[in-house]
Amino acid sequence: MPTVPSILGFGAIAIDDIVYVDQPLSAGKGKVLQSARAFGGNVATALVAVARLGGSAGFVGWLGSAADDAVLCDLVASGVETAFAPRHSNARPVRSRITVGSDGERFIAYDDEAMLGTAPDFPDEILSRATVLIVDSYAIGSLDVVARARDLGLAILGDIEWSSGPATERLIGLCDHLILPLGFARIATGRRSPAEILDALWLPSRSAVVLTDGGRGVYYRGRGEAGLWHLPPHQVEVVDSTGAGDCFHGAYALALTRGADTAGRVAFAAAAAAHSITGRGGREALPTDDQVTELLASTNAPSPVELKHARLDAATEPELSEEISRR
């Protein structure tokens with residue numbers, strides 16, 4: 001058997017049909033510029049990002065049993081280990097239809113009536129050889145496996161985007177590295193400002209809470225680090241934001257295995273995600289390690305800003321601005 005990768009993951013794996021139009025989505029309609037079919041999915045794309053960056057990644061969710069299964073072959077071609085994934089003849093990917101506007105924003109329509117998560121008896125022997133487990137919202141069907149991985153000492157990196165009641169609450173509680181889109185975090189906590197949300201999501205068992213906010217940057221809190229922080233975005237030309245969050249999760253996981261502190265993990269992940277939106281498709285512009293290093297070393301690379309007061313988000317509600325000060 002091959003070596004167990006340091007970063008494992010299970011969750012959404014998808015085939016995306018993407019349409020690019022010449023108008024922003026807010027225009028209501030536009031002319032089709034290009035159509036494409038691509039492989040995607042939160043965890044699958046995160047693991048491909050790890051491989052592109054030079055790390056070792058393995059998908060351990062359900063895969064089809066046929067040797068020529070399309071998503072299986074794509075993962076292998078992308079450098080992701082699949083030898084430890086459970087197989088089932090009924091396993092199939094999520095199917096998504098994505099419309100990308102001229103401003104890089106997108107709308108995703110999906111059919112997720114598929115086998116997701118992983119086998120309930122997934123072996124501890126394999127889990128124990130890894131360092132990080134990446135999971136998404138679909139891990140609510142495999143909570144016992146996530147809990148076992150946590151007990152075995154793996155860092156659980158959660159990419160949660162939608163809620164399914166108590167099961168999602170338990171999943172969020174199991175994640176010691178919780179990375180959420182700001183919009184979902186507002187719904188989950190009932191809070192508005194990033195600083196209030198970071199405080200609401202914090203637990204003594206957490207290592208980090210990170211809130212991603214697209215073109216407004218990233219907010220975060222880490223264990224053993226004073227203060228709450230905002231990392232402004234890199235100034236890059238946005239072509240297609242599809243997969244940017246997935247890339248962020250994969251790059252964060254890799255930086256974690258390399259021993260980076262919270263600020264270092266967030267900076268590396270943000271730079272990787274920024275590079276990923278400069279090309280079309282969810283994976284075509286995933287960066288190499290050298291490309292991320294170059295972006296981090298650029299003269300206009302952003303520096304973190306400390307959040308001083310938990311008021312409303314200045315970017316969305318300027319009349320009640322959030323006060324920040326530079327360290």
Side-chain angles (χ1 to χ4, degrees), residues 103-105 157-161 172 175-203 206-238 241 244-256 260-278 287 292-293 295-327:
D103 56 359
E105 293 300 312
L157 196 161
D159 175 8
I160 317 300
E161 296 182 332
I172 289 174
C175 297
D176 53 335
H177 293 266
L178 186 62
I179 305 177
L180 307 179
L182 179 61
F184 170 72
R186 282 177 168 155
I187 295 170
T189 64
R191 310 296 175 87
R192 290 295 301 169
S193 79
E196 290 175 323
I197 295 169
L198 290 171
D199 282 341
L201 290 172
W202 190 257
L203 295 172
R206 299 268 196 241
S207 294
V209 176
V210 182
L211 308 174
T212 58
D213 194 23
R216 299 186 184 98
V218 186
Y219 305 90
Y220 63 94
R221 174 179 180 176
R223 181 188 296 170
E225 298 180 9
L228 311 177
W229 298 91
H230 172 223
L231 181 68
H234 288 266
Q235 299 304 311
V236 298
E237 181 180 357
V238 180
S241 59
D246 308 331
C247 177
F248 187 102
H249 285 80
Y252 182 101
L254 181 59
L256 178 61
D261 61 11
T262 307
R265 297 191 296 267
V266 170
F268 186 81
H275 189 283
S276 76
I277 65 177
T278 62
V292 175
T293 299
L295 190 54
L296 286 170
S298 62
T299 56
N300 62 347
S303 298
V305 178
E306 188 172 6
L307 296 175
K308 285 296 188 182
H309 298 282
R311 304 194 73 180
L312 293 183
D313 182 1
T316 57
E317 305 197 42
E319 69 278 9
L320 288 173
S321 63
E322 182 164 331
E323 299 176 26
I324 56 178
S325 63
R326 295 187 181 275
R327 171 173 267 188

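Excluded from the calculations below are hydrogen atoms, water molecules and symmetry mates; all remaining heavy atoms, backbone and side chain alike, are included. Source: prediction; values computed, not measured.
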Visitor: I'd like to know if the side chain of His249 reaches the main chain of Ile179, judged simply by a donor and an acceptor atom lying under 3.5 Å from each other, with no hydrogens or angles considered.
Guide: yes
Visitor: Would you indicate whether the side-chain heavy atoms of Glu105 and Val238 approach each other to under 4.5 Å?
Guide: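 They are not in side-chain contact.
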Visitor: Nearest 0.5 Å please: distance from the CG atom of Leu211 over to the CG atom of Leu198.
Guide: 4.5 Å
Visitor: Can you give me the closest heavy-atom contact between Glu161 and Phe184, atom names plus distance?
Guide: O-CD1, 3.4 Å
Visitor: Which heavy atom of His234 sits nearest a heavy atom of Ala274, and at what distance?
Guide: CB-CB, 3.7 Å
Visitor: How far does CG of Leu307 sit from CG of Leu228, to the nearest 0.5 angstrom?
Guide: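 Answer rounded to 0.5 Å: 5.5 Å.
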Visitor: Let me have the donor-acceptor pairs involving side chains of residues 264-271, under 3.5 Å, with sequence neighbours excluded, atom names and distances please.
Guide:
from	atom 1	to	atom 2	distance (Å)
Arg265	NE	Tyr252	OH	2.9
Arg265	NH1	Ala260	O	2.8
Arg265	NH2	Tyr252	OH	3.3
Arg265	NH2	Thr262	OG1	3.1

Visitor: Name the one of Thr293, Thr278, Val292, Leu295 that satisfies side-chain contact (heavy atoms from CB on, under 4.5 Å) with Pro287?
Guide: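 It is Val292, the one option of Thr293, Thr278, Val292, Leu295 that forms the side-chain contact (heavy atoms from CB on, under 4.5 Å) with Pro287.
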Visitor: Between His275 and Val236, is there a donor-acceptor pair closer than 3.5 Å when you use the side chain of the first and the backbone of the second?
Guide: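 Judged by distance alone, no pair lies under 3.5 Å.
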Visitor: Minimum heavy-atom separation for Ala244 to Ala273, with atom names?
Guide: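 Taking every non-hydrogen atom into account, O-CB, 3.5 Å.
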Visitor: Return the NE2 to CG distance between His177 and Asp159, rounded to the nearest 0.5 Å.
Guide: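 Answer for the NE2-CG pair, His177 versus Asp159, is 14.5 Å.
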Visitor: For a quick test of reading the model, state the closest non-hydrogen atom pair linking His230 to Arg216 and the distance between them.
Guide: NE2-O, 2.8 Å
Visitor: Does Arg206 use its side chain to pair, donor to acceptor, with the backbone of Leu201 at less than 3.5 Å?
Guide: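 It does hold such a pair.
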Visitor: Does some side-chain heavy atom of Tyr219 sit less than 4.5 Å from a side-chain heavy atom of Ile197?
Guide: no
Visitor: For the atom pair CZ (Arg223) and CG (Leu203), what is the distance rounded to the nearest 0.5 Å?
Guide: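 Arg223 CZ to Leu203 CG: 10.5 Å, rounded to 0.5 Å.
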Visitor: So which atom in Pro302 and which in Leu231 form the shortest heavy-atom distance, rounded to 0.1 Å?
Guide: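 So the minimum-distance heavy-atom pair works out to O-CD1, 3.8 Å.
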Visitor: Between Pro304 and Tyr220, which heavy-atom pair has the shortest distance, and what is it?
Guide: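 Minimum heavy-atom contact is CB-OH, 3.5 Å.
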